[in-house]
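Okay, here's the structure, questions in a sec.
Each ligand, and each atom within it, is numbered from 1 in the order the structure gives.
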Amino acid sequence: MSVPANVPILTSEAMRAAEAACAASGVSLSELMDRAGAAIADIAWRMAAGSPILILCGPGNNGGDGYVAARLLAERGAEVRVAALADPATELARAARALWTGAVEPLDRDLAPAALIVDALFGVGLSRPLPYELIENLQSLAGRRVLAVDVPSGVASDGVRDWSPPLPADVTVALGALKPAHVLLPTAPHCGQVLLARIGIDAGGTMRTLPSVSSTKPDVAAHKFSRGMVLVRAGPMPGAAGLASAAALRAGAGYVVLSGSDHAPFSAIIAEDGAGYADRLGDARIGAVIVGPGYPVSDALDDDVMAALDAGKPLVLDAAAIAAALPRLHQLDGAVPAILTPHEGEFARAFPGLSGSKIDRALAAAAFAQAVVVYKGADTIIAAPDGRVVAAWPGSPWLATAGTGDVLAGACGAMLARGGDAFDAAVAAVGWHIARAARIGPGLVADDLVADDLVRECND
Ligand SMILES: NC(=O)C1=CN([C@@H]2O[C@H](COP(=O)(O)OP(=O)(O)OC[C@H]3O[C@@H](n4cnc5c(N)ncnc54)[C@H](O)[C@@H]3O)[C@@H](O)[C@H]2O)[C@H](O)CC1
Ligand SMILES: [K+]
């Protein structure tokens with residue numbers, strides 16, 4: 001399972017707007033369909049490697065792409081059959097169907113499979129769940145390699161419904177841009193390896209997949225304070241704050257203070273008792289404050305969060321600190337740069353009653369808080385109040401273990417303390433976290449993410 005790095009993601013509404021802009025600039029929809037069909041034919045040719053191909057065509061333009069691909073594959077000498085669910089219902093699909101000179105078989109329970117199935121039944125136009133009979137007929141084709149056109153049929157491309165496709169794809173060719181369903185659970189795993197065929201659409205937009213990680217070297221004239229100074233406030237479970245402080249150092253902070261704990265994981269971390277917290281918040285060199293790791297709901301947490309907000313420092317708020325800060329953050333209306341890092345449960349508690357896809361909900365939360373939201377999970381979404389979104393699918397499943405969220409909070413703190421944009425900082429931290437997890441793999445515990453042998457390996 002994979003998606004290309006740093007490519008656009010569009011909802012069906014944005015996709016239609018992009019198509020219309022394309023048409024207005026002189027590239028017809030029929031030209032777009034030809035390009036889509038050619039991209040599908042190319043990939044099908046390589047996947048089939050000489051074995052027979054069966055293309056399943058639906059009534060809309062997704063089916064139209066299928067007819068174009070069938071014609072091009074046949075012209076190249078591939079052994080290709082077409083089965084249709086219904087007659088074409090759009091002008092474009094009818095035109096594409098008219099150019100296919102081979103037979104069209106009915107898509108029923110007697111349909112013979114082929115080594116490669118190309119699924120061109122439904123794309124972004126699917127408006128209701130697939131009929132039961134079709135699901136049954138498709139299930140009888142399972143077990144072969146499947147190439148999905150745009151999205152596996154049955155999936156709601158905007159990621160708002162959790163409909164599963166009867167034919168999960170090995171490869172999905174996204175047309176023009178990725179769609180939310182490619183990067184959100186539960187649909188993303190059904191898309192297999194997602195490839196992007198750009199087909200000449202200007203997908204611009206504000207939503208993208210995670211960019212590749214690039215490690216930035218410190219400036220030649222750097223000193224410890226210029227690289228960013230991070231203050232981590234410990235609660236009753238100091239191990240979590242210790243992990244966050246270690247992660248802040250490993251992610252590039254020049255100086256880390258752990259307040260309220262004497263459990264510093266490294267000698268380089270300045271551990272001090274809680275009494276100095278107010279003074280530290282007044283220290284002009286502090287570039288980011290982290291509150292929340294290992295700090296459950298309590299009056300003390302409320303006090304510490306309010307003090308940090310009043311100090312006006314860029315903030316990373318994790319776990320219970322998110323709900324504690326929310327009313328004040330909302331009032332501050334973005335005056336204090338902040339990154340919130342909720343997992344599913346914390347998100348539901350802090351932002352009840354939101355609807356739509358995980359992307360929609362992350363955006364609504366970011367707009368309400370006027371802060372960057374890192375809505376964690378296997379399909380982490382990073383959303384900014386100005387509408388920017390980065391989707392981090394597929395992440396690393398090895399991160400599903402205690403303490404890794406504390407490490408992410410620490411990395412966010414380090415990136416934020418550098419002084420740049422909070423959204424860019426959150427994106428860099430999520431990328432750092434996933435890249436390190438990928439290097440460790442099986443057996444990962446959160447401490448490994450900040451261990452020095454990993455650093456040596458990364459520097460090799
Ligand atoms: N991205 C691009 O620039 C291009 C994309 N293309 C392809 O076009 C589809 C979208 O086509 P559209 O015709 O809008 O929708 P669909 O083909 O997905 O299907 C709509 C069709 O099906 C009917 N329908 C919807 N749900 C059901 C259902 N559950 N059961 C039965 N019938 C259903 C609906 O009423 C319509 O008739 C996109 O994904 C790309 O593959 C083009 O190639 C142009 C360039
Ligand atoms: K499809």
Answer side chain, backbone, both or neither: which part of Leu92 comes under 4.0 Å from ligand 1, heavy atoms only.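 The answer is neither.
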Would you check if the side chain of Arg418 reaches a backbone N or O of Gly228 as a donor-acceptor pair within less than 3.5 Å?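 Checked: no pair found.
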Looking at atom 7 (C) of ligand 1, would you say a protein heavy atom lies below 4.0 Å from it?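 So far as the 4.0 Å threshold goes, atom 7 (C) of ligand 1 is in reach of a protein heavy atom.
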Could you give the distance from CG (Leu185) to NE2 (His190), rounded to the nearest 0.5 Å?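 One gets 9.0 Å once the value is rounded to the nearest 0.5 Å.
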Of all the non-hydrogen atoms in the protein, which one sits nearest to atom 9 (C) of ligand 1, and at what distance?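 Of every protein heavy atom, Asn62 N, 3.6 Å lies nearest to atom 9 (C) of ligand 1.
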Run the contact test for Gly64 against ligand 1 with a 4.0 Å cut-off on heavy atoms, strictly below, and give the result.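 No; Gly64 lies far enough from ligand 1 that no heavy-atom distance drops under 4.0 Å.
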Is ligand 1 under 4.0 Å from a heavy atom in the side chain of Arg16, in the backbone, in both, or in neither?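 For Arg16, only side-chain atoms sit under 4.0 Å from ligand 1.
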So for atom CD, which belongs to Gln139, do other residues, nucleotides or ligands contribute more than 12 heavy atoms lying within a distance under 6.0 Å?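 Correct, the count exceeds 12.
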Using a 4.0 Å cut-off to any heavy atom of Met33, which atoms of ligand 1 qualify?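 Close to Met33: 43 (O).
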Just which atoms of ligand 1 are under 4.0 Å from any heavy atom in Ile199?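 Checking each atom against Ile199, I get 2 (C), 3 (O).
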So which protein heavy atom does atom 29 (N) of ligand 1 come closest to, and at what separation?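 The answer is Arg128 O, 2.8 Å.
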Electrostatic pair Asp318-Lys376, nearest N-O below 4.0 angstrom: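 Answer for the salt bridge query: yes.
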Out of all atoms in ligand 1, which are within 4.0 Å of some heavy atom of Leu175? Include the element for each.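 Result: 1 (N), 40 (C), 41 (O).
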Among all protein heavy atoms in this structure, tell me which lies nearest to atom 15 (O) of ligand 1, with the distance rounded to 0.1 Å.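 Here the closest protein heavy atom is Gly125 CA, 3.3 Å.
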Among all protein heavy atoms, pick the one closest to atom 10 (C) of ligand 1 and tell me residue, atom and distance.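 I find the closest protein heavy atom is Val124 CG2, 3.7 Å.
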Hey, which atoms in ligand 1 end up nearer than 4.0 Å to a heavy atom of Asp150?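 Matching atoms, with element in brackets: 38 (C), 39 (O), 40 (C), 41 (O).
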With side chains defined as the heavy atoms from C-beta onward, is the minimum distance between Arg81 and Leu111 less than 4.5 Å?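 A side-chain contact exists here, since the closest heavy-atom pair is under 4.5 Å.
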Could you tell me whether any N, O or S atom belonging to Pro152 is less than 3.4 Å from the K ion (ligand 2)?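 Short answer: no, not a single N, O or S atom is under the cut-off.
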Using a 4.0 Å cut-off to any heavy atom of Pro59, which atoms of ligand 1 qualify?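 This gives 22 (O) as the contact atoms.
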List the closest protein heavy-atom neighbour of atom 1 (N) of ligand 1: residue, atom name, distance to the nearest 0.1 Å.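 The answer is Met15 CE, 3.2 Å.
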Does CG in Asp202 sit with more than 12 non-hydrogen atoms of other residues, nucleotides or ligands closer than 6.0 Å?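 Result for CG/Asp202: open.
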Name of the Asp119 atom (N/O/S only) found closest to the K ion (ligand 2):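 Closest N, O or S atom of Asp119 to the K ion (ligand 2): O.
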Measure the spacing between CG of Asp219 and CZ of Arg227 and express it to the nearest 0.5 Å.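 The CZ atom of Arg227 is 10.5 Å from CG of Asp219, to the nearest 0.5 Å.
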Answer yes or no for atom 34 (C) of ligand 1: protein heavy atom present at a distance under 4.0 Å?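 Answer no: nothing from the protein, no heavy atom, is under 4.0 Å.
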Looking only at heavy atoms of Arg35, does any of them come nearer than 4.0 Å to an atom of ligand 1?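 It does not, in that no heavy atom of Arg35 comes within the 4.0 Å cut-off of ligand 1.
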Examine the side chains of Asp119 and Ser153 and answer whether a donor and an acceptor come within less than 3.5 Å of each other.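 The answer is yes; a qualifying pair exists.
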What do you reckon, does Ser127 put a non-hydrogen atom under 4.0 Å from ligand 1?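 Distance cut 4.0 Å: Ser127 passes for ligand 1.
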What residue and atom, counting heavy atoms only, is the protein's closest point to atom 4 (C) of ligand 1, and at what distance?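 Atom 4 (C) of ligand 1 sits closest to the protein heavy atom Glu19 OE2, 3.7 Å.
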Let me confirm one number: the CG-CG distance from Leu340 to Leu317, rounded to the nearest 0.5 Å.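 Spacing of CG (Leu340) from CG (Leu317) equals 6.0 Å.
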Just need the protein heavy atom nearest to atom 24 (N) of ligand 1, so name the residue and atom and give the distance.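 Answer for atom 24 (N) of ligand 1: Phe122 CE2, 3.7 Å.
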Please name the residue in the list Asp150, Asp158, Thr187 that meets the side-chain hydrogen bond (donor to acceptor under 3.5 Å, both in side chains) test with Lys179.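 Filter result, single survivor: Asp150.
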Closest to atom 41 (O) of ligand 1 among Asn61, Asp65, Ile201, Val68 (heavy-atom distance):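 Of the listed residues, Asp65 has the closest heavy atom.
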Per the side-chain contact (heavy atoms from CB on, under 4.5 Å) rule, which among Val149, Val124, Leu196, Leu32 passes with Leu175?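 Of the listed options, the one satisfying the test is Val149.
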Less than 4.0 angstrom from a charged side-chain N to a carboxylate O is my criterion; do Asp42 and Arg76 meet it?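 Result for this pair is yes, salt bridge flagged.
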Heavy-atom contact under 4.0 Å between Pro129 and ligand 1?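 Distance cut 4.0 Å: Pro129 passes for ligand 1.
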Ligand 1 contact by Gly60, heavy-atom criterion under 4.0 angstrom: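 Contact check Gly60 vs ligand 1: positive.
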Enumerate the atoms of ligand 1 whose separation from the nearest heavy atom of Gly123 is less than 4.0 angstrom.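 By the 4.0 Å cutoff, the relevant atoms are 16 (P), 18 (O), 39 (O).
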At the K ion (ligand 2), what angle lies between atom O of Val149 and atom O of Phe122, rounded to 10 degrees?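 Taking the K ion (ligand 2) as the apex, I get 100° for this pair.
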For the OG atom of Ser164 and the CG atom of Leu130, what is their distance to the nearest 0.5 Å?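 Reported to 0.5 Å precision, the distance equals 10.5 Å.
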Among all the protein's non-hydrogen atoms, which is closest to atom 45 (C) of ligand 1, and how far away is it?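 For this ligand atom, the closest protein heavy atom is Leu32 CB, 3.7 Å.
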Report the relative orientation of the aromatic rings in Phe351 and Phe368; use parallel for angles under 30°, tilted for 30 to 60°, perpendicular for over 60°.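 Taking Phe368 first and then Phe351, their aromatic rings stand perpendicular (interplane angle over 60°).
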Taking atom CD as the centre, does Glu79 end up with more than 12 heavy-atom neighbours from other residues, nucleotides or ligands that are less than 6.0 angstrom away?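 Not more than 12 within 6.0 Å, no.
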Could you give the side-chain donor-acceptor pairs of residues 398-410 under 3.5 Å, partners two or more places apart or in another chain?
residue	atom	partner	partner atom	Å
Thr404	OG1	Leu399	O	2.8
Thr404	OG1	Thr401	O	3.0

